[in-house]
Amino acid sequence: MPYFDAASAAPLHPTARQALLASLDEGWADPARLYREGRRARLLLDAARESAAESVGCRPDELVFTPSGTQAVHWGMAGALAGRRRIGRHLVVSEVEHSSVLHTAESFEAEGGEVDRVGVESTGRVPAQAFAAALRADTALACLQSANHEVGTAQPVEEVAEACRAATVPLLVDAAQSLPWGPVPGPWSLLTGSAHKWGGPPGVGLLAVRKGTRFAPRGPSDERESGRAPGFGNLPAVVAAAASLRAVRAEAEAEGVRLRELVDRIRLRLPELVDDMEVVGDPVHRLPHLVTFSCLYVDGEALLHELDRAGFAVSSGSSCTSSTLTPSHVLRAMGVLSEGNVRVSLPHGTPATDVDHFLTVLPEAVRAVRARLGAPGAEPPAVEEALVVDALGRRCPVPVIELAKVIDRVPVGGTVTVLSDDEAARLDIPAWCRMREQEYVGEEPAVRGTAYRVRRRV
């Protein structure tokens, strides 16, 4: 079964497997102990730290291993904010950060801190000047991901890091998605990563805090990992994580070129194969292995199941599913279509034949889902001056499907008003208008839900 979800978790790299098995025999003892087994474990831990630090671009004594990438973000943000609490209680993040950053920001805000969330362009890229403008004299910390986890857009980290240095504000970079492809440039202050994103074992993260960065670990600590990651770590997994990071870096240049060509093939062919779809994310500044697209009149969860039955493992950034009723925060910030959202992220070694097969399977999968949802057909409808579509109580993509069904029933200049209580309609109806060259007039409160007004232009 072709696995196209490396952005969630990459398959275990062969080097990680070999290192893990070897270190299970050699690295089981407590590296803090002075007897032979402890010294052997300590040598393994020191070697892993040196290797990981070289890959990250920091000193070994600046890097600690954590139980996960999420924990690295939580501890990194908390420690930096606490270390600079006398400077101020202001935090700057982008609107498209990973949930681990945004959840920490929400907790900080609930405790009395102030958070500025910098918006993004339609490609998902943060304007460096806008981010720099958000920095203040009382800014304790700024956070910017190196590349987006949902749409693959690479962020201007180097420019932002220079602006932060000029403002004497530490910058924490969530580099979980980009570390397999290379070190993060610029004078960043803190950096986090997650081993299962690059083919290492799950349960290992890393946190780098460069010298000179004020940092005060929060909560109880001990003598391990400089007091920043307390507890007895999973040494065999740490060794495997460092070994696999070095291995994927050795392959990154050639594999990045190859996977970028495959992703370009998907980006080029999709609009030819599937009507009413939109490829999202920056076409140039992006990760080499990831592409995200959205399809009108398609439920994302249903499309994922359809592709799963066809033998493809993909994921969705859309939250138009049975488990949640609001659009992805990334897609919402970008202002792009959230319906039928699919993320394809190719792991190292993906053969071109798998990509070609995916491109033959996808159109039929989309057609099958649209047929089940009753997407609009080609029958010419009767014309009416204005229409009201009642989509209350119906979740995306149904409100947009109902709009598409009736838009031809009003003359050019006529209007359709869609009544919906689904939060996703606020994003998807304007996106549909943009894609279909119709005019989105605006929204206003209704007795129930919201009334979205669309004027026919073509």
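Predicted, not measured: the structure shown is a model, and the values here were computed from it. Keep in mind that the numbers below use all heavy atoms, side chains included, and drop hydrogens, waters and symmetry copies.
R42 and D46 are joined by a salt bridge, as a carboxylate oxygen and a charged side-chain nitrogen come within less than 4.0 angstrom of each other. The pair D276-R436 counts as a salt bridge, with a side-chain nitrogen and a carboxylate oxygen less than 4.0 angstrom apart. Ion pairing of R434 with E278 is present here, as a side-chain N (NZ or NE/NH1/NH2) and a carboxylate O approach within less than 4.0 Å.
Side-chain polar atoms of T70 and S100 form no donor-acceptor pair below 3.5 angstrom. Using modelled atom types and a 3.5 Å distance limit, the side chains of S338 and D428 yield a donor-acceptor pair. Side-chain atoms of S8 and R343 form a donor-acceptor pair, as typed in the model, at a separation below 3.5 Å. Checking R246 against S51 by side-chain atom types alone, a donor-acceptor pair falls below 3.5 Å.
Here R117 pairs with V93, E95, E106, E109, V115 under the side-chain contact (heavy atoms from CB on, under 4.5 Å) rule; sequence neighbours left out. For the side-chain contact (heavy atoms from CB on, under 4.5 Å) test, residues two or more places apart in sequence or in another chain that qualify with D356 are R265. Annotation: ring pair (Phe, Tyr, Trp, His ring centres under 6.0 Å) contacts of H289 (sequence neighbours excluded): W181. Legend: residues meeting side-chain contact (heavy atoms from CB on, under 4.5 Å) with E62, ordered by chain and number and at least two apart, are C58, R59, R210, K211. For H149, the ring pair (Phe, Tyr, Trp, His ring centres under 6.0 Å) partners two or more places apart in sequence, or in a different chain, are H98. Taking R214 as the reference, nothing meets the salt bridge (Lys or Arg N to Asp or Glu O under 4.0 Å) condition, with sequence neighbours excluded. By the side-chain contact (heavy atoms from CB on, under 4.5 Å) test, P351 pairs with T353, D354, sequence neighbours left out. For E97, the side-chain hydrogen bond (donor to acceptor under 3.5 Å, both in side chains) partners are S94, not counting sequence neighbours.
Listed by first and then second residue, the ring-ring contact (aromatic ring centres under 6.0 Å, His included) pairs that reach into residues 263-283 come to none, sequence neighbours excluded. Within the structure, the ring-ring contact (aromatic ring centres under 6.0 Å, His included) test picks out no pair touching residues 185-220 (sequence neighbours left out). A ring-ring contact (aromatic ring centres under 6.0 Å, His included) check over residues 109-130, counting only residues at least two apart or in different chains, returns nothing. Among residue pairs with one or both ends in residues 2-60, those qualifying as ring-ring contact (aromatic ring centres under 6.0 Å, His included) are F4-F312, F4-F358; sequence neighbours excluded.
Inter-residue side-chain proximity for H285 and P156 is flagged as unmet; no heavy-atom pair is nearer than 4.5 Å. You'll find the side chain of L190 stays beyond 4.5 Å of the side chain of L171, heavy atoms only. With contacts defined as side-chain heavy-atom distances shorter than 4.5 Å, the pair Q155/V160 does not qualify. Using a 4.5 Å cut-off on side-chain heavy atoms (C-beta onward), V344 and L290 make no contact. Side-chain atoms of P31 and R39, non-hydrogen and from C-beta on, never get closer than 4.5 Å to each other. Using a 4.5 Å heavy-atom threshold, the side chains of L331 and E150 count as touching.
Interatomic distance, Q177 CD to S345 OG, rounded to the nearest 0.5 Å: 7.5 Å.
A310 and V361 get closest at one heavy-atom pair: CB-CG1, 3.3 Å. When all heavy atoms are compared, the tightest approach of A10 to G199 is CB-N, 3.6 Å.
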